[in-house]
Structures are given as C-alpha cells and as structure tokens.
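Report on the following structure.
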Amino acid sequence: MDLLADLNPQQRIAVQHGRGPALVLAGAGSGKTRVITYRIAYLIRNAAARPENILAVTFTNKAAGEMRERVQALMGPSRTSEPRVSTFHSFCVRLLRREIHRLGYRVDFSIYDTDDQRKLMKQILKDAGKDEKVLPPREVLSRISFAKNHNIGPEQYVSQFPSPDAEDIGELFERYNTRLRQGNALDFDDILLKMVLLLDRFPDQRNYYSDWFRYILVDEYQDTNRPQYELLCLLTSKHQNLFVVGDEDQSIYKFRGADIQNILRFERDFPGATTIKLEQNYRSTGNILKLATTVVENNTERKGKVLWTENQSGDVITCRRSGSARFEAAWVCRQIRALLDEEPKYRIAILYRANFLSRNFEEVLLAEGIAYAVVGSVAFFGRMEIKDLLAYLRIIFNPEDDIALLRIINTPPRGIGASTLDMLTQKALEKGVPVLQVVEEAARDPRLGGRACKALQRFLELLAGWQARRDTATMAELLKSIVEGIEYKKMLEKHESAEEAASRMENIDEFIRAAEESEERGETVFEFLDRASLSSELDTLDPNARVSLMTLHSAKGLEFDVVFLAGMEEGLFPHSQSMNSRADLEEERRLCYVGITRARRKLFLAWTPFRRNFGPDAGSPSLPSRFLEEMPPELVEGSRSAQDYAVGDDDDDDDDDDDSFSGEEDEDRAPAWKKRGSINDTPLPQLKSIAELRVYLQKTQQAAKPGRSEQSAGAGLKSGMRVRHAQFGDGIILSRQRVGNDFKLIVTFSRVGRKTLIERYAKLEAL
DNA sequence: GATTTACGCCTTTTT
DNA sequence: GGCGTAAATC
C-alpha cells in the first residue's frame with residue numbers, strides 16, 4: 001500500500017516531514033487525524049523510527065482508541081512492538097506508576113476524581129473553619145485547578161492571583177495539597193504536574209524517556225495547557241522531534257486552562273519549526289464551509305487559514321425561529337423524522353451550548369419514538385455502584401486513601417454513623433495519620449462503646465481478608481468477594497426499585513467482566529484501575545446512534561451528516577457569562593465555528609425568543625445570537641429580515657401554532673407534537689421528568705421480564721439500528737433484550753408505530 | 001439512622 | 001421548573 005498516494009500535497013509534506021519541530025495548522029475537516037496516523041505509519045515503514053520510539057498524544061481516550069485502530073489498519077497486524085498512542089494523562093500515569101517513588105509517593109497512589117476532590121475540600125473547609133456558603137468547594141477547587149494549570153503553587157497564589165479572598169484560597173490550596181500528599185493521592189492536574197516535576201528534577205530520567213519517545217506527535221495542540229506544554233518541552237529537549245497538529249480556530253477550552261498561545265507561539269518556542277497549513281476541507285459542503293469561515297473571520301486571535309473545498313455547495317442552511325423551546329424541539333424532531341425517512345443512514349446531531357437544553361429534545365424524541373443517544377449523561381465508571389467498588393479496591397491497595405475509606409466504610413450501612421466518623425476523622429487529622437489507622441486503633445480500644453466498636457471490627461476483618469489476598473487473587477475474584485462480602489445486592493434492593501437494583505447489578509457484572517478481560521490481556525491491576533479513573537463520559541459515545549445529543553464542547557472532533565445548532569440566542573450562545581471580554585467572545589465564536597463545521601451535508605439553526613429562563617432576566621424575550629447576524633444572509637434561509645421573525649410564514653406543514661410570536665402561547669395547552677398524538681399506539685402518560693420517562697419506557701419495553709443486558713452476539717442486530725420488516729416496513733430498534741433463549745426487540749416503525757417482536761420470528765433485514 | 005422537607009443552583013469540563 | 005444536597009424531623 002502506498003501511503004502517500006491518498007494524500008494531497010500539503011498532507012504529504014506533513015507526513016514526510018523529517019526531524020525537528022513541525023506545526024501543522026489543520027482546518028476543520030482537513031484530515032488532521034489522517035496526517036498523524038499516516039505519519040506514524042510512514043515513520044515506521046521507512047525505518048526512521050521503531051514503533052516503540054513513537055508517542056502520539058490525544059486528549060480523549062476515544063480519540064486515542066480511534067487513532068490506535070487506524071494506525072493498526074495501516075500497518076497490518078502483529079508487530080513486535082506498537083507505537084504508544086494515549087492521552088496525556090494516561091501516558092503520565094503509566095510512567096508515574098514506575099517512577100513516582102522518586103518524588104516520595106508510593107507506586108500504589110490513588111487518583112482523585114472531581115467527586116473525591118469535592119469531598120476532600122469539604123472536609124478541609126470544615127477543618128479550617130470556613131463557610132461553604134462563602135467559599136463553595138467547587139469554586140475553590142476550580143481556582144486551585146486554574147492555579148495548577150498555570151504552574152502556580154500555594155505559596156505564590158496570593159501574589160499571582162490577587163483578589164479579596166486570595167488569602168483564603170491560598171491557605172485552602174496549601175491544605176489541599178498536604179491532604180492529597182498524606183493520602184498518597186493525585187488529582188487530575190497533579191498527574192501532569194508530578195510528571196513535569198520528575199522530568200525536571202531528574203535529568204537522567206529526562207534523558208531516558210526522551211530517548212525512548214524520540215518521536216512525539218500531538219493532536220489538538222491548540223488545547224494544551226501549561227503543564228502539558230512543559231511536559232512536551234522536557235520530553236523533546238534532546239531530539240526536538242515534536243510534531244503538533246492543531247487549529248487555533250477550534251480552541252475552546254480556555255476555561256480549563258488551555259492556552260491558545262501555545263499554538264500561536266509555536267514557531268517562537270521551537271525555533272526552526274516547519275509550518276504546514278492544511279486548508280482543503282473534505283468534510284462539508286461549500287455553503288457550510290463558507291458560513292463557518294465567515295463567522296470565524298470576525299476573530300482577531302488567529303493565524304488565519306483560507307479553507308476551501310471541492311465539494312458541492314449543497315443546500316442552503318435553514319434557520320428557524322420558534323415560539324418556545326418546546327416548539328423548537330418539535331420542529332427539530334419533525335425535521336429529523338423527515339430526514340431519516342429520506343435517508344435512514346444519516347447520522348444526525350443536535351448540538352447546544354449548555355446541557356440543560358437537552359431536556360426538551362429528549363422529551364420530544366422519546367415521545368416520538370426516535371432512538372437517540374445523549375453524550376454527557378452518567379458514564380459507566382461514574383455510576384454509583386462502580387464508584388463504590390472502585391473505592392473498595394482503592395482502600396485495599398492504598399490504605400491511606402481517606403476519601404475512599406469514608407465513601408465505603410458505611411456503604412452498605414453497617415452501623416458506623418456520622419458521629420463516629422466525625423470523631424475518627426477529627427482524631428486522624430489531629431495526629432496527621434490516615435483515618436484507617438485511627439479506625440484500627442479505635443476497634444482495638446475496649447473503652448469505646450460496644451456497638452460502633454463491633455461494627456468497626458467487622459469491617460476491618462473484611463478489609464484484612466481482601467488485603468491478604470490482594471496480590472494472589474485475580475481482580476475479578478477480589479471484586480466478587482467484595483460484592484458478596486458486603487451483601488451489596490441486598491442493600492440495593494432495600495432502597496431501590498427492583499429494576500434499578502437489577503440494572504446496577506448488571507453494571508457490576510459488566511465491571512467484573514471488564515476486570516477479567518483486562519487480566520486476560522495481561523494488564524496489571526493498576527492499568528485497569530487507572531483506565532477506570534481516567535475514562536470519561538465521552539468515551540461512551542455510541543457511534544451507531546442515528547441521533548446524538550451533546551454540547552458543542554463534546555462535539556469537537558466528531559462529524560455528522562446533519563447538524564442542528566439549537567439555542568442560538570444572545571445570552572445563551574454566546575453565553576451571558578462569556579460576553580464580558582473580547583477574548584471570551586472569541587472563544588464562543590470558535591465554539592460556533594466548531595459546531596458549524598461538524599456538519600457534512602446539512603445544517604440547521606434554531607432559536608427562540610421565548611426560552612423559559614430562570615434567574616434575573618426571566619421573562620424578557622431573547623434576541624437572536626449575534627453569530628446569526630454574522631452569517632451571510634444569502635447562505636441562510638430565515639435568519640435575517642423582519643418577515644423571517646414574523647408569524648406563520650412557513651409552508652412547512654400544518655403547525656401554524658409553532659410561530660406564535662407573542663403572549664398567545666398558553667403553557668397549559670398541549671404543544672403541537674402532543675396534540676397530534678404520538679405515532680405510537682400507546683400514548684404516553686403525563687410524566688414529569690426525563691428520568692421518569694426513561695424508566696417508564698424501560699418498563700414498557702421490558703414488559704415480560706427484565707432480561708439480561710443486551711448481548712451483541714449472534715445476529716448482529718443492535719438498538720439504534722435501522723431495520724426493514726416484510727409487513728411493517730422500515731423502523732428503528734429501540735431496544736434488544738434477552739428473554740430466555742430469544743431476543744425481544746422493540747422496534748418503532750415509521751408507518752405502524754412501536755411493535756414488540758421476537759428476533760427469531762421477525763425476519764428483520766438490517767439496513 | 002432513615003425519611004422528609006427546604007434551599008439553592010441553573011456554562012462549557014477532553015482527564 | 002426540576003434536581004441534588006442539606007438541615008430537620010421522627
């Protein structure tokens with residue numbers, strides 16, 4: 001296979017780049033992932049580098065996984081060694097598990113996620129006598145994180161970030177770091193910082209790893225922060241083979257510490273760097289690309305690229321003003337139905353600025369029986385039951401992990417109440433020792449009250465049993481023994497519905513299976529635990545879903561045939577809290593650019609003056625987003641002129657109530673989509689929340705028996721798939737459940753609505 | 001210790 | 001308007 005044959009001239013230059021630093025400025029849809037993967041293959045193919053000397057860094061696990069697959073596809077199977085493709089964080093954690101003893105941590109350190117951080121901060125606030133109302137833990141933590149991302153420690157905090165409460169934050173920062181240290185724990189930011197510290201402080205280490213990873217490639221470079229930048233500097237100080245790909249117009253994580261200057265200043269930071277621009281877009285229609293470019297050209301903080309495409313100009317973009325958020329959702333839903341009828345293979349996304357906007361879309365889609373997937377709902381590893389088990393494992397391996405201990409010491413309830421725990425943590429704090437140690441002392445102390453003491457002893461016995469086996473038993477065995485030992489199932493069933501408990505137990509089974517698989521692959525315990533700690537909700541994105549809902553942030557790096565940008569209103573997008581500075585506004589505009597450029601073929605824009613907002617400005621109608629005003633009117637239908645804002649001038653279909661512009665919309669009146677009746681044979685009862693709706697649908701779908709979780713073995717039918725039935729016509733599989741030896745399918749057909757079918761008899765044809 | 005009521009939040013968040 | 005956490009209560 002000739003690697004260079006599928007590349008355009010600029011891509012080829014990038015892929016063939018020799019040694020030394022290189023910056024690839026790659027516009028949206030210009031094939032930047034392709035460039036990275038081909039370059040990796042090219043380096044190996046031409047024996048410029050051995051696979052193990054190559055490190056490719058991405059920001060998400062998902063991106064890393066995809067890249068790994070694509071490289072493998074290019075290289076063919078079975079090589080002696082593989083290039084390392086991972087996220088910044090997992091790369092660092094892996095190295096730290098080998099080297100962190102040099103910094104005085106034990107190799108079995110814990111990783112604190114946001115939840116753990118918050119719990120720890122609450123304790124600290126209490127201990128420091130600060131009021132949570134004045135200094136909310138989230139706020140404090142975000143400021144600490146901001147400081148960490150700028151390489152500012154507690155000592156410099158006050159001078160670097162002067163503010164009325166800087167003294168307080170500095171003090172809390174100090175305590176926070178100390179407590180992490182005592183707990184033998186790192187937060188997400190520390191993972192990078194400690195790695196930087198290690199390479200900085202130990203030249204032999206720096207040398208060793210620079211020689212090891214002598215070719216480094218970075219994706220999404222515009223979103224790197226200070227510590228990541230420093231890490232790259234340290235790792236490439238010897239060989240200078242740093243190859244970064246990014247797009248300054250897609251830098252949207254400033255609020256998380258990403259520094260757009262990293263990409264803007266690359267040539268200054270790495271003298272002699274080659275710069276290559278990828279300006280041909282392969283993804284979108286001409287009109288979509290033109291629209292995106294026009295909008296982003298209003299920004300000043302950019303290097304400037306001129307994107308062009310050979311694709312057809314395509315449809316005009318449609319902009320829709322609706323009479324309420326509800327109508328907006330109904331309109332989007334109608335469009336989606338029509339689009340899927342026209343082309344069932346479309347992948348469609350509804351993108352919005354803030355998560356709470358998903359609600360209306362979910363309700364309408366659910367009611368209409370259109371299968372969809374939301375990105376950003378609870379991730380697998382974020383589930384309560386999984387986090388409980390992870391906490392058990394953490395305390396078994398790291399007895400200093402107070403946060404893990406406190407999470408599970410009374411889960412399930414074993415008579416160790418709040419007052420007992422308060423006393424114990426207080427004591428631990430005074431002595432400066434792990435809570436577990438105090439627990440052990442308390443359990444041995446005969447003076448302490450019988451009841452609590454007994455409970456502690458029983459807990460310690462269990463724990464000691466697992467600890468004794470932690471090095472001999474497999475992880476799966478350990479997990480099983482925990483689940484049984486604590487009678488977790490019993491606890492779940494006690495205060496949750498049967499379905500919910502069953503679903504949680506299924507998750508646990510899945511978790512144990514994942515542990516088994518991990519062990520079969522020869523991974524260490526920590527490799528498994530680290531993956532669990534570092535995986536995110538984005539990783540759960542279902543690529544088969546026809547309709548996906550997510551925030552604009554989550555959509556970066558993805559592409560869809562059809563994109564709906566919803567909530568295009570001043571105050572929401574750009575968000576009112578990002579309208580204060582020019583820089584903030586530019587970031588919002590980049591976000592808009594990201595949203596537009598996700599679309600391959602069709603783009604729809606939606607807004608409503610009457611979104612129900614809470615807060616101070618509730619009630620007053622919103623204006624259309626300034627980004628709509630920035631779009632060339634000839635490309636957008638319905639965005640501009642006064643009559644576009646007027647009532648009922650659409651020949652769309654029968655819904656003239658959609659455009660009720662002023663007060664006439666009655667909240668009690670059923671919205672159009674409900675009035676017309678659902679296409680399903682059973683109308684939905686009035687339910688309050690999405691959660692309720694989901695549970696209701698789940699129940700109706702599982703009518704007979706709550707089967708086992710979806711098994712993708714056999715026929716290869718999956719929920720979300722488009723199928724054809726001889727009698728009923730085309731439809732979408734809503735769910736697939738095992739019932740006995742069969743699979744029960746719930747399918748929504750566009751003609752006849754929802755049907756329950758047995759896979760074996762239905763003779764469905766996948767489309 | 002568990003269950004109920006009450007208050008407050010309501011931007012994005014790759015790890 | 002709804003959801004999650006935090007006092008309040010039995």
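Within 4.0 Å (heavy atoms only), A/Leu186 reaches no atom of the nucleic acid at all. Nucleic acid contact for A/Gly557: none, since no nucleic acid atom lies under 4.0 Å from a heavy atom of the residue. Using a 4.0 Å heavy-atom criterion, one finds that A/Thr58 contacts no nucleic acid atom at all. Within 4.0 Å of A/Asp189, counting heavy atoms only, lies no atom of the nucleic acid at all. In this structure, A/Phe88 reaches neither bases nor backbone, as no heavy-atom distance under 4.0 Å exists between it and the strands shown.
If you check distances only, the side chain of A/Arg353 never reaches the base of B/dT11 with a donor-acceptor pair under 3.5 Å.
For the pair A/Met579 CE and B/dT12 P, the computed distance is 17 Å after rounding to whole Å. For the pair A/Leu357 CG and B/dT12 P, the interatomic distance rounds to 9 Å; values are reported in whole Å. Rounding to whole angstrom units, CG of residue A/Asp422 and C1' of B/dG1 are separated by 15 Å. Spacing between atom CZ of A/Arg611 and atom C1' of C/dG1 amounts to 14 Å, rounded to whole angstrom units. Spacing between atom CD1 of A/Ile252 and atom C1' of B/dT11 amounts to 13 Å, rounded to whole angstrom units. Rounded to an integer number of Å, the gap from A/Leu572 CG to B/dC10 P is 15 Å. The distance from atom CG of A/Leu141 to atom P of B/dT13 is 18 Å, rounded to the nearest whole Å. Atoms CZ (A/Phe356) and P (B/dT13) sit 13 Å apart, rounded to a whole Å.
With sequence neighbours excluded, the residues that form a side-chain hydrogen bond (donor to acceptor under 3.5 Å, both in side chains) with A/Thr524 are A/Glu527. Remark: A/Arg626 engages A/Glu570 in a side-chain hydrogen bond (donor to acceptor under 3.5 Å, both in side chains) (not counting sequence neighbours). The side-chain contact (heavy atoms from CB on, under 4.5 Å) test applied to A/Gln577 returns A/His575, not counting sequence neighbours. The side-chain hydrogen bond (donor to acceptor under 3.5 Å, both in side chains) check on A/Glu586 picks up A/Thr300, A/Arg582, with sequence neighbours excluded. Residues forming a side-chain contact (heavy atoms from CB on, under 4.5 Å) with A/Ala26 (at least two apart in sequence, or on another chain): A/Val24, A/Ser30, A/Lys32, A/Val245, A/Leu278.
When each of A/Gln577 and A/Glu220 is assigned the nucleotide of DNA chain B with its nearest heavy atom, A/Gln577 is the one assigned upstream, toward the 5' end. Nearest-nucleotide assignment on DNA chain B puts the 5′-proximal partner with A/Lys494, out of A/Lys494 and A/Ala258.
Phosphate proximity of B/dT11 to A/Asn355: absent, as no side-chain N or O sits under 4.0 Å from OP1 or OP2. In this structure, A/Ser554 does not reach the B/dT12 phosphate: none of its side-chain N or O atoms is under 4.0 Å from OP1 or OP2. Side-chain N/O atoms of A/Thr551 include one lying less than 4.0 angstrom from OP1 or OP2 on B/dT13. An OP1 or OP2 oxygen of B/dG1 is reached within less than 4.0 angstrom by no side-chain nitrogen or oxygen of A/Asn410.
If you check B/dT12, B/dT14, C/dG2 against the side chain of A/Arg359, the one that comes closest is C/dG2. For A/Ala354, taking side-chain heavy atoms from C-beta onward, the closest of the listed nucleotides B/dT12, B/dT14, B/dA2 is B/dT12.
Considering all non-hydrogen atoms of both residues, A/Glu587 and A/Tyr253 come closest at OE2-N, 3.6 Å.
For B/dT11, the base is stacked against the aromatic ring of A/His575, per a cut-off of 5.5 Å between centres and 30° between planes. Stacking annotation: A/Phe255 is stacked on the base of B/dT12 (ring centroids less than 5.5 angstrom apart, interplanar angle below 30 degrees).
Residues A/Phe564 and A/Phe361 keep their aromatic ring centres 6.0 Å or farther apart. Here the two rings, on A/Phe59 and A/His89, have centers that are 6.0 Å apart or farther. Taking the six-membered ring for Trp and the full ring otherwise, A/Tyr352 and A/Phe573 have centroids separated by 6.0 Å or more.
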Table of protein N/O atoms under 3.5 Å from nucleotides 5-10 of chain C N/O atoms:
from  : atom 1 : to       : atom 2 : distance (Å)
C/dA6 : OP1    : A/Lys122 : NZ     : 2.2

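Base orientation for B/dT12: anti, the chi torsion being more than 90° from 0.
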